[in-house]
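Remarks on the structure that follows.
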Amino acid sequence: MVDCSVHGAPRRGLTGSIVGDDKGKLKFKNQLIYRVEVDDPDEAKDCTYFDAITASGLPVVNLSVYSIGNKWIPYSICRSKSAKQDPANIRYWDVTCDFESPKSEGGEQDNQPQDKPESVDDVQPKIEYNSETIDVVVWKDIDGNEITNPVGEHFAEPTMRPVTLVVANLTFYTTTFPWTTIADHGSRTNAGEWNGKPRYSWMIFDIKRSPAKIPIAGDPGDPEAEPPVPPTPDSELDVFQVSYTVKYNPLEHGWKETKILTGTKFRSAIDADPEIYMDSKNDMPTTGFLDEDGLKSDTAVIGEWEHIPTLNFSTALKLPS
């Protein structure tokens, strides 16, 4: 293994791209090129591309964020590197680092480099919306009438209809995110209003957690203070890039479980002991409709259950300000 290190500041690459899709989203690609030097000139002939491409001071694939000078591009991660030896001086290599941003709903100007943050709390979260369709059981038509055969019986096969869900992909940086949080937050619904919608209307479906390094701006100091405050250099902060996939269910009951209330027993009065539901014509046990108190009902009543654990989304998930 030949020791190499970055020689000087990086320069912007000669190529880049902005790629759109049919959903109106854009993906950005940028390059930074680093000059890498073999520390011991006598080892230059033994240096391989791998020695150069892994030199200290270079961005790390799937970890480092685009940063040059006092600017950076949030969420733009190094996705690949390539190395080319200088034919005029084999001690030097040019390492090209390719950075890629996640698809964005914003315009072309939204991916411009910005000032480095002073802390991870200064980095704005990103949220993007799309949709998907699922099939759900429905008990009534659009006019509120029960879906039954001509004599009022429900069909053995329930009626299904498509429902369009809103899918929110929320991404942010945080300094701590234990892996246990994935289990603690996964498959949870919102305990209170979140993103403008009421309790039990949003549910977390997927959580991704990956380490990242983001640049932190140094303190310029104050030379006129007593005593003078010296400046501090820029630094890198080890963080986690966290992404949540959260889905909004527009139905009135949201993500609650719904069923028609039926049973072989009923109550003749609230809090009375259950009795066997008898067919009045044939004097035989039967199954009939119930209301929410367990009393007999002439029509189907839909029961709702909150069967999914809840989570305070307002504290667990960062929305852009």
Side-chain angles (χ1 to χ4, degrees), residues 1-19 26-40 43-44 47-86 89-104 108 110-126 171-177 208-218 232-243:
M1 186 78 178
V2 176
D3 293 330
C4 303
S5 55
V6 172
H7 183 73
R11 66 183 190 274
R12 291 181 177 86
L14 299 178
T15 64
S17 66
I18 303 175
V19 180
L26 302 176
K27 178 181 286 188
F28 297 82
K29 293 185 178 182
N30 294 285
Q31 284 185 337
L32 290 176
I33 299 176
Y34 292 77
R35 190 72 163 173
V36 170
E37 180 183 42
V38 179
D39 293 345
D40 184 348
E43 295 183 340
C47 183
T48 68
Y49 89 94
F50 189 80
D51 297 325
I53 215 169
T54 57
S56 60
L58 284 176
V60 179
V61 172
N62 286 343
L63 193 67
S64 300
V65 179
Y66 182 101
S67 174
I68 182 171
N70 64 343
K71 301 290 185 179
W72 79 309
I73 301 177
Y75 307 105
S76 180
I77 303 291
C78 180
R79 294 304 184 194
S80 66
K81 294 190 291 187
S82 59
K84 183 178 181 180
Q85 193 173 44
D86 187 341
N89 187 339
I90 63 172
R91 185 181 178 186
Y92 293 97
W93 293 70
D94 286 324
V95 177
T96 301
C97 300
D98 294 297
F99 295 80
E100 185 174 302
S101 300
K103 288 185 178 180
S104 171
E108 293 183 346
D110 289 357
N111 204 59
Q112 288 293 312
Q114 56 186 258
D115 291 340
K116 292 178 179 178
E118 295 182 3
S119 74
V120 68
D121 295 330
D122 295 335
V123 186
Q124 276 287 298
K126 291 184 63 174
T171 304
F172 57 88
Y173 291 122
T174 180
T175 52
T176 58
F177 197 87
K208 292 184 174 64
R209 163 191 178 270
S210 59
K213 291 180 177 291
I214 65 171
I216 297 297
T232 58
D234 293 350
S235 59
E236 270 193 330
L237 181 65
D238 290 321
V239 297
F240 291 100
Q241 180 174 304
V242 179
S243 297

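Note that these values count all heavy atoms, side chains included, but never hydrogens, waters or copies made by symmetry.
Between the CZ atom in F28 and the CD atom in Q112 there is a gap of 8.5 Å [rounded to 0.5 Å]. Rounded to the nearest 0.5 Å, atoms OG (S76) and CZ (F99) are 6.5 Å apart. To the nearest 0.5 Å, atom CD of residue E236 and atom OG of residue S67 are 7.5 Å apart. Separating the OG atom in S82 from the CD1 atom in I53 is a distance of 6.0 Å, to the nearest 0.5 Å. Taking SG of C47 as the start and CD1 of I90 as the end, the distance is 9.0 Å to the nearest 0.5 Å.
With sequence neighbours left out, T171 forms a side chain to side chain donor-acceptor pair (under 3.5 Å) with S243. For K81, there are no salt bridge (Lys or Arg N to Asp or Glu O under 4.0 Å) partners at least two apart in sequence or on another chain. For K84, there are no salt bridge (Lys or Arg N to Asp or Glu O under 4.0 Å) partners, not counting sequence neighbours. Applying the side chain to side chain donor-acceptor pair (under 3.5 Å) test to D39 and every residue at least two apart in sequence or in another chain returns S5. Evaluation of the ring-ring contact (aromatic ring centres under 6.0 Å, His included) rule for Y75 yields Y173 as partners, not counting sequence neighbours. Partners of D3 by salt bridge (Lys or Arg N to Asp or Glu O under 4.0 Å), not counting sequence neighbours: none found. By the ring-ring contact (aromatic ring centres under 6.0 Å, His included) test, F240 pairs with no residue at all, sequence neighbours left out.
Side-chain contact between V120 and L237 is present, with at least one heavy-atom pair separated by less than 4.5 Å. Side-chain contact check for T48 versus V2: every heavy-atom pair is 4.5 Å or farther apart. When side chains are defined from C-beta on, L58 does not count as touching S56, because their heavy atoms never get closer than 4.5 Å. Residues H7 and Y92 form a side-chain contact, since some pair of their non-hydrogen atoms from C-beta on lies under 4.5 Å apart. Contact of the C4 side chain with the E37 side chain is not registered, since no non-hydrogen atoms from C-beta on lie closer than 4.5 Å.
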Test side chain to side chain contact (heavy atoms under 4.5 Å, CB included) applied to I214 and W72, step by step: CA-CA 9 Å; I214 65 171; W72 79 309; 3.9 Å; yes

Derivation of the side chain to side chain contact (heavy atoms under 4.5 Å, CB included) call for W93 and Y49: CA-CA 8 Å; W93 293 70; Y49 89 94; 3.9 Å; yes

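With Q241 as reference, S210 is the one residue of P211, P74, S210 to meet the side-chain contact (heavy atoms from CB on, under 4.5 Å) rule.
Put simply, the side chain of K116 gets close to the backbone of G69: a donor and an acceptor are under 3.5 Å apart. Panel note: side chain T174, backbone T176; a donor-acceptor pair is recorded below 3.5 Å.
Judged as a salt bridge (Lys or Arg N to Asp or Glu O under 4.0 Å), the pairs with a partner in residues 57-80 (not counting sequence neighbours) are, in order, K71-D115. Identified under the salt bridge (Lys or Arg N to Asp or Glu O under 4.0 Å) test for residues 58-67, with sequence neighbours left out: none. Legend: salt bridge (Lys or Arg N to Asp or Glu O under 4.0 Å) pairs involving residues 48-61, not counting sequence neighbours: none detected. The salt bridge (Lys or Arg N to Asp or Glu O under 4.0 Å) analysis of residues 61-70, with sequence neighbours excluded, yields no pairs.
When all heavy atoms are compared, the tightest approach of P113 to I73 is CA-CG1, 3.8 Å. Summarising the geometry of V95 relative to A83, their closest heavy-atom pair is CG2-CB, 4.1 Å, with the distance given to 0.1 Å. Considering all non-hydrogen atoms of both residues, S64 and P59 come closest at OG-CA, 3.4 Å.
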Acceptor/donor pairs from residues 29-36 side chains to any protein atom, 3.5 angstrom cut, sequence neighbours excluded:
{"residue": "Q31", "atom": "OE1", "partner": "T15", "partner atom": "N", "Å": "3.4"}
{"residue": "Q31", "atom": "OE1", "partner": "T15", "partner atom": "OG1", "Å": "3.0"}
{"residue": "Q31", "atom": "NE2", "partner": "T15", "partner atom": "OG1", "Å": "3.1"}
{"residue": "Q31", "atom": "NE2", "partner": "D98", "partner atom": "OD1", "Å": "2.9"}
{"residue": "R35", "atom": "NH1", "partner": "D94", "partner atom": "OD1", "Å": "3.1"}
{"residue": "R35", "atom": "NH1", "partner": "D94", "partner atom": "OD2", "Å": "3.3"}
{"residue": "R35", "atom": "NH2", "partner": "D86", "partner atom": "OD2", "Å": "2.6"}

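Within 6.0 Å of CD in E118 there are 12 or fewer heavy atoms belonging to other residues, nucleotides or ligands.
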